[in-house]
Amino acid sequence: MAETKDIPANPPHRQAHTDDRYDPHRIEEKWHARWQADPSLFAADPADSKRKKYYVLEMLPYPSGVLHMGHVRNYAIGDALARYMWMQGYNVLHPMGWDSFGLPAENAAIKNKVPPRQWTLQNIAAMKKQMNRMGFSYDWSREVTTCLPEYYRWNQWFFLKLYEKGLAYRKNSKVNWCPECATVLANEQVVGGNCWRHEDTPVVQRELEQWFLRTTAYAEELLHGLDRLEGWPEKVKTMQRNWIGRSEGALVEFKIDGRVGSVGNKVAVFTTRIDTIYGATSIQLAPEHPLVSDLIGNDPSLHAKVEEMLAEQNKAKERGEVESMEKHGVFLERYAINPFNGEKIPIWVANYILMDYGTGAIMSVPAHDERDYEFAQKYGLDIRVVILPRRIGEPPAEGEPEKPVLPYTPKDSLLINSGEFSELSNQEAIQKMTAYAEQHGFGKATVTYRLKDWGISRQRYWGTPIPMVYCEKDGVVPVPEDRLPVLLPDNVDITLQGGSPLARVPEFVNAKCPKCGGAARRETDTMDTFVDSSWYFYRYTSPQSSGKPFETANIDYWFPIDQYIGGVEHAILHLIYSRFWTKFMRDLGLVHNDEPATRLFTQGMVIKDGAKMSKNKGNVVSPDDMVARFGADSTRCYALFAAPPDRDLDWQEAGVEGVHRFLSRVYRFIVRNAGAANGASGRNGSGAVTAEQLSPKARQIQRRLHQTIKRVTDDFQGRWHFNTCVAAIMEFVNELYGAEEEISAGKFPPQLLAEVQRKVVLLLEPFAPYLASELWEMLCEKGNLLRQRWPEYDAALAKEDEIEYPVQINGKLRSRITVPVDSPEDLVRERALAEEKVKATVEGKQIVKVIVVPGKLVNVVVR
RNA sequence: GCGAAAGUGGCGGAAUUGGCAGACGCACCAGACUUAGGAUCUGGCGGGUAAAACCGUGGGGGUUCGAGUCCCCCCUUUCGCACCA
């Protein structure tokens, strides 16, 4: 009690002042207005800048009209990084735009009778307002809006280039059709075989003539390029590898026995296991295989059976039950000849053969393939073993059965019953048998991919018109470059259902043939919106460019993107398409980089009560609501604090409150102490005060400050653990509160106090930029915080004088000793053994050894 | 079925290379200040015990002076792929 005399009865930090209350709304509105008034604050220097560049990019949103928490998290991460990189002295490009074509605008138009364009532009305005309110540091002078002709004309231009190079072509193909919407859906809008908007409406397949982009031309490069993308998550790279699905094998032709139809007298199969060809006991065709009807001929009962199979398959597809379908087949009563042994084997049609993979036909080897085995068992087909784990006559290894368990599929065994190839290893057999087939003209080595060409035609209104016309005389004719853009007409009645809305606009459809000038019909399909997002980030470098999509010189400076940030849901589609687009543009000579982005980060989802936020579940937390209650700083700071960025984040309102309390504490500390420090020059380190002149507590604060700078910096750039960055600052602020009695008693040199406050504010800038700006000004500092340098940590000042060693006995904590830092091991050992508790515990036992881990601990091993 | 990631207090999460498990925050408890407190400040807070001992990172084994961390087996959850020949 006695010492309380020295301390004011009501020390300042124990009082609630009305004037030191943290009012985020007052602060944020003030700075919001200033930032809006001066867009240059967040603008990147031009590409001819001598400064080193940093391009940080968040995936552009679809302008649905409201920002959700997932956006906020994504952008809070990107914004923290952008601000940090500015403070590291980089010229930072941090742009934002709108992926603004797409079906929701059309749906909204039908529902609310608002033109898609108007609906979209309103939404953009609303979301932009929300983003600005969050305080994101976007360079809006580079904003890209994909539904505007200035942008989409370049989609058309690229399309013409693709067409010129033979990378855009037209063919008949099946598309997803929702009868309820009366429109085509993108693959990603088909959920479990049903329409995403009408969850009980199965999507049907419709055959339509469509435009495709030849992504498969780059399959090999898209695959191998992944190996060099070290800054991409393994998960995403694996997904892309699987999607591309490269498979090495052989094409082998089997002659068809007997009469020959119009399609040919051979059937080609693709196999990765040509080494098992002596075990082939049937040929299996996909039901849609063109040979099927030829082989059936006029047999009505076979015809009916195959038809039935197709019908069943379609039904299963509609129900989304294709995977669980039982294997089913029909024998076509015809035979093929195995070119290796001349054997006649039956030809079947089977529902498990996919027409769009390989050749749509396989050789069936039941003994050595799971699916063929299941099928052969059901229909009693021959099962012939042609590979063994060991030589015939060799005894089985310990625990190995006498005969291999079928189906036996390993690739490191030996061939038997395979003519001249018997006794070869599988690997050797694959090479020799492929060569044999090639020599005899019935086969060759080949590579198959699962990746398919990208169908970009959409029978929708709200998209980029495909710049093609159809002329009776000249056929398919591209619109000449100088007549771009082909403008998307306004005032289109999209309530008319069925077919492309543009087909119902005569002014649009009726065109002149660019070649002959005669009457022609315009293409009325529009492009997939993934075209828009395949190259938008290049446009940010040259947003005003009018004669070209962008200036190559700007690309050379800014690209590749240093850090791309977005949701993992784009791992395949957008990220493959944009890699494809980059490679194509590189081959045109427009860019000189092979890949769009060197580093990719996929943040976790924002969930609430264990489930993804959704209107259906009623667990949506609105950013506006959070901002209204706690302010933008608390909201974004919580989004970074609550979990590491790659993990799912469980939104807890009490947590936002906690962060808000923390920011309040920072605010109040500086409000109370800014005056004491102002006037002192803390701007260049600790000024004139040396560490020795400080009181123990002041020295401790100085030490902790530098330790905190190190922790925040390391966690930020080393690991991207923003949660521990914020935690470290919290710890330091707690420490400051612990020292506040001494501070308010004037025992801290003003220089140190100024340095502490100044650096805390700088550390806070990436996480709570509004508050940081306000406090910066309160400290009488001037200028754009983003142009300030990130604080540097001083190892000498951070260094402890003493270190505490835990002392273990047989691995259990028994005591602690404190020794001067850098004490020699011998001294640490001596002090540990001299410790009373240790002595008592060790008493009467034999010390086997004493382990001293410098800077960590002491462990005494006794027996 | 295959592949990947994860499993730590009442909750979100820390522990970066094997070295004091539970930082920081929430919730809770106590105290201070108060006309008042859903404000603020201080302290406590894995289980267990009077206090220790002891037990604790999904379960079981192992390596090690020492394991949340490494190895083997198993369980659970999430995500991705799913007849790809």
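Below, each value reflects all heavy atoms present in this structure, side chains not excepted, and no hydrogens, waters or symmetry copies. Letters A, B, ... mirror the listed sequences (proteins, then strands); counts begin at 1. Treat the numbers as computed from the prediction; the structure is a model and nothing was measured.
For the pair A:N723 and B:A14, the criterion of a side-chain N or O lying under 4.0 Å from OP1 or OP2 is met. Between A:R661 and B:C41 there is no side-chain polar atom (N or O) within less than 4.0 angstrom of OP1 or OP2. The side chain of A:N242 places no N or O atom within less than 4.0 Å of a non-bridging phosphate oxygen (OP1 or OP2) of B:C2. Look at A:R711 and you won't find any side-chain N or O under 4.0 angstrom from OP1 or OP2 of B:C24. A:R814 has no side-chain polar atom (N or O) that falls below the 4.0 Å cut-off from OP1 or OP2 of B:A53. Taking 4.0 angstrom as the limit, A:R665 places a side-chain polar atom (N or O) nearer than this to OP1 or OP2 of B:C41. The side chain of A:S247 contributes an N or O atom lying less than 4.0 Å from OP1 or OP2 of B:A85.
Residue-level contact check: A:I353 touches the bases, meaning some heavy atom is under 4.0 Å from a base atom. No engagement by A:Y805 is indicated, since no non-hydrogen atom pair under 4.0 Å with the nucleic acid exists. Counting any heavy atom pair closer than 4.0 Å across all strands shown, A:D648 reaches sugar-phosphate atoms only and no base atom. As judged by a 4.0 angstrom heavy-atom cut-off over every strand, A:T238 is placed among residues making no nucleic acid contact. Contacts of A:Q808 with the nucleic acid, taken as non-hydrogen atoms under 4.0 Å apart, include base atoms. Heavy atoms of A:N734 sit under 4.0 angstrom from primed sugar atoms or phosphate atoms, though from no base atom. Among the atoms of the strands shown, base atoms are found under 4.0 Å from some heavy atom of A:K327.
The aromatic rings of A:H328 and A:Y379 sit tilted, their planes meeting at an angle between 30° and 60°. Aromatic ring pairs are classed by plane angle as parallel below 30°, tilted from 30° to 60° and perpendicular above 60°; the pair A:W720 and A:F601 is tilted. Note on ring orientation: taking the six-membered ring where Trp is involved, the planes of A:F669 and A:Y737 are tilted (angle from 30° to 60°).
Comparing B:A85 with B:A5, their C1' atoms sit 30 Å apart, to the nearest whole Å. Between the P atoms of B:U63 and B:C72, the separation comes to 15 Å (whole Å). Atom name C1', nucleotides B:C24 and B:A15: the rounded distance is 12 Å, in whole Å. Taking atom C1' in both B:A30 and B:G18, the straight-line distance is 39 Å, to the nearest Å. For the C1' atom pair drawn from B:G25 and B:G9, the interatomic distance equals 14 Å after rounding to whole Å. Using atom P as the reference point in both B:G61 and B:G47, the two lie 25 Å apart (nearest Å). One C1' atom belongs to B:U34, the other to B:A39, and the distance between them is 11 Å to the nearest Å. Comparing B:U8 with B:A67, their C1' atoms are spaced 14 Å from each other, to the whole Å.
Closest approach to the A:N859 side chain among B:C65, B:A85, B:G80 is made by B:C65 (side chain taken as heavy atoms from C-beta onward). Checked against B:G12, B:C20, B:C41, the side chain of A:L857 finds its nearest nucleotide in B:C20.
Checked against a 6.0 Å centroid threshold, the rings of A:F641 and A:F722 do not count as neighbours. In summary, the aromatic rings of A:Y22 and A:H660 are positioned with their centroids under 6.0 Å apart.
Of all nucleotides present, none satisfies the Watson-Crick or G-U wobble test against B:U64 with each distance under 3.5 Å. B:G3 and B:C79 make up a base pair, with Watson-Crick or G-U wobble contacts both under 3.5 Å. Remark: B:C24 base-pairs with B:G12; criterion is Watson-Crick or G-U wobble with both hydrogen-bond distances under 3.5 Å. Base pairing of B:C54: its partner is B:G47, meeting the Watson-Crick or G-U wobble criterion (both donor-acceptor distances under 3.5 Å). With a 3.5 Å ceiling on both atom-pair distances, B:G38 lacks any Watson-Crick or G-U wobble partner.
In this structure, A:I817 atom CD1 and B:G19 atom P are separated by 19 Å, rounded to whole Å. Per the geometry, CE belonging to A:M730 stands 17 Å off P belonging to B:G12, to the nearest Å. Protein atom NZ of A:K812 is 16 Å distant from nucleotide atom P of B:A52, rounded to whole Å. Remark: C1' of B:U77 and CD1 of A:I607 are 12 Å apart, rounded to the nearest angstrom. Distance A:L640 CG to B:G12 P: 19 Å, rounded to the nearest Å. In this structure, the CZ atom of A:F662 is 16 Å from the C1' atom of B:G13, given to the nearest Å. Remark: P of B:C41 and CZ of A:F669 are 13 Å apart, rounded to the nearest angstrom. At whole-Å resolution of the value, CZ in A:R21 and C1' in B:U40 are 13 Å apart.
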Q.
Working note: A:Y805 + A:K856, criterion side chain to side chain contact (heavy atoms under 4.5 Å, CB included); need CA distance, chi angles, decisive distance, verdict.
A. CA-CA 6 Å; A:Y805 277 88; A:K856 296 278 188 188; 5.7 Å; no
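Between A:M363 and A:V726, it is A:V726 whose nearest contact on RNA chain B lies nearer the 5' terminus. Each of A:R273 and A:G655 was assigned the nucleotide of RNA chain B with the nearest heavy atom; the assignment lying further toward the 5' end belongs to A:G655.
Base orientation of B:G37: anti (glycosidic angle beyond 90° from 0).
When the options A:T359, A:T446, A:I274, A:N338 are evaluated for a side-chain contact (heavy atoms from CB on, under 4.5 Å) with A:V252, the one that passes is A:I274.
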